[in-house]
There are 2 protein chains.
Amino acid sequence: MMELTRKGEYAIRGIVYLAGRPTDKVCLLNDIATAVDVPSTFLAKIFQQFSKIGLVKSFRGTGGGFMLGRAPENITLLEVVEAVEGPIVPNRCVVNPSDCDRSGYCNVHPVWKRVQDEVCKALAGVTLKELAAEHKAK
Amino acid sequence: MMELTRKGEYAIRGIVYLAGRPTDKVCLLNDIATAVDVPSTFLAKIFQQFSKIGLVKSFRGTGGGFMLGRAPENITLLEVVEAVEGPIVPNRCVVNPSDCDRSGYCNVHPVWKRVQDEVCKALAGVTLKELAAEHKAK
DNA sequence: CCCTAAAAAGATATATATTGTCTTTTTTGT
DNA sequence: ACAAAAAAGACAATATATATCTTTTTAGGG
């Protein structure tokens, strides 16, 4: 339950890789796909979604490719995940409260709210800069 | 993303209802299903799963039905959810770390661990007793 | 202006998971 | 023996996930 899809995983891999590249030049989709081991046609769809909301900037034609849309320290993991998976909704009652008052008041509802809150907080607390950073030997 | 399935929702409804009934007598599956507005054939499958792990006790034959397997204050929402949805796994790397070290060390991994932890904590912090309680007018 | 590189867009395909239903079997009390 | 009730198993429709392939649009370079 509550599992990230392949699409979400791929999305993170791709954009984290991009965040680790020099910011002054574009990356080819195929290079990214190869580097992070994702089917390039699938990654293309993902990056199209990123592009639409400005998470990445795309350049078409010869010399084209992708760049991060903003500085990596200003993009959170939450944004990335929600860009491709939609909003964090542990139960539909959280998005549509009318489902919830099936019989008066539902005691479970606040729990899902809490879950939603905690997940968002955890994901919003990490930026692409941190994710792209070389890890220290442990 | 991270959405409870119908099955999970139904499971909660069913067992919370059971927790709100007198503990000294059995409930018929059909009565529960009707009360919580769930297809009874579907709820049957769910309660079979509950029964196997002892969350509920089942009695077959005439006069049979279901009872809670333990006192409602000793059953957490986490147990109920995991009984039908499986473990809380926000990303498969959390369950199978070998997926994770695709390229050395993955900075995202601890975030998923954290998410897993927070969700479990939130769900484990609520018992059926609380969920079955009449809510106070607010 | 043409050619090529590259992303965007759209159509299609397959596999898996979800959400059930229906039938048969087993158990149990009367 | 009969009836009530859960257990078990087979089946089916739908939705979602996971892609792939083709065509179109855009842009740069000669």
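A quick note: this is a predicted structure, and the numbers were derived from the prediction, not measured.
A:Glu130 and B:Asn107 form no side-chain donor-acceptor contact under 3.5 Å, judged by distance and modelled atom types alone. Side-chain atoms of B:Gln49 and B:Lys7 include a donor-acceptor pair closer than 3.5 Å.
Each of B:Ala44 and A:Phe42 has a nearest nucleotide on DNA chain D; the 5'-most of these lies closest to B:Ala44. Taking the nucleotide of DNA chain C with the nearest heavy atom to each of A:Lys52 and B:Ser40, the more 5' of the two is matched to A:Lys52.
Both B:Ile12 and B:Phe42 belong to a common hydrophobic cluster when Ile, Leu, Val, Met, Phe, Trp and Tyr are linked at side-chain heavy-atom distances under 4.5 angstrom.
Picking from D:dT18, C:dA8, C:dA7 the nucleotide with the shortest atom distance to the side chain of A:Ser51 gives C:dA8. For B:Thr5, whose side chain is taken as the heavy atoms from C-beta onward, the closest listed nucleotide among C:dT19, C:dT21, C:dT28 is C:dT19.
The CD-C1' distance, from B:Gln49 to D:dA6, rounds to 15 Å in whole Å. Taking atom CD on A:Gln48 and atom P on D:dA19, their separation rounds to 16 Å, with Å as the unit. Look at CD on A:Glu9: it is 15 Å from P on D:dA17, rounded to the nearest Å. A:Asp37 has its CG atom 11 Å from the P atom of D:dA19, to the nearest Å. In this structure, CG of B:Asn30 is placed 12 Å from P of D:dA7, rounded to the nearest angstrom. In this structure, A:Arg6 places its CZ atom 11 Å from C1' of D:dA17, rounding to the nearest Å. Atom CZ of B:Phe59 is separated from atom C1' of C:dT30 by 18 Å (rounded to the nearest Å). One atom, CD of B:Glu3, and another, C1' of C:dT19, lie 14 Å apart when rounded to the nearest Å.
Residue contacts for A:Lys7: at a heavy-atom cut-off of 4.0 Å it reaches the sugar-phosphate backbone alone, with no base atom in range. Among the protein residues, A:Lys57 comes within range of no part of the nucleic acid, since none of its heavy atoms lies under 4.0 Å from any strand. Among the protein residues, A:Phe47 comes within range of no part of the nucleic acid, since none of its heavy atoms lies under 4.0 Å from any strand.
Listed for the A:Gln116 side chain is a donor-acceptor partner under 3.5 Å among the backbone atoms of A:Ile88.
Taking side-chain N and O atoms only, B:Thr41 has a distance below 4.0 Å to OP1 or OP2 of C:dT21. When the side-chain nitrogen and oxygen atoms of A:Tyr10 are compared with OP1 and OP2 of D:dT18, none of them lie within a distance under 4.0 Å. Between A:Thr62 and C:dC3 there is no side-chain polar atom (N or O) within less than 4.0 angstrom of OP1 or OP2. For the OP1/OP2 pair of D:dA7 and a distance below 4.0 Å, the side-chain nitrogens and oxygens of B:Ser58 include at least one atom meeting the criterion.
Once rounded to the nearest 0.5 Å, the distance linking CG of A:Leu18 with CZ of A:Phe47 reads 5.5 Å.
A donor-acceptor contact under 3.5 Å links the side chain of B:Arg60 to the base of C:dT26.
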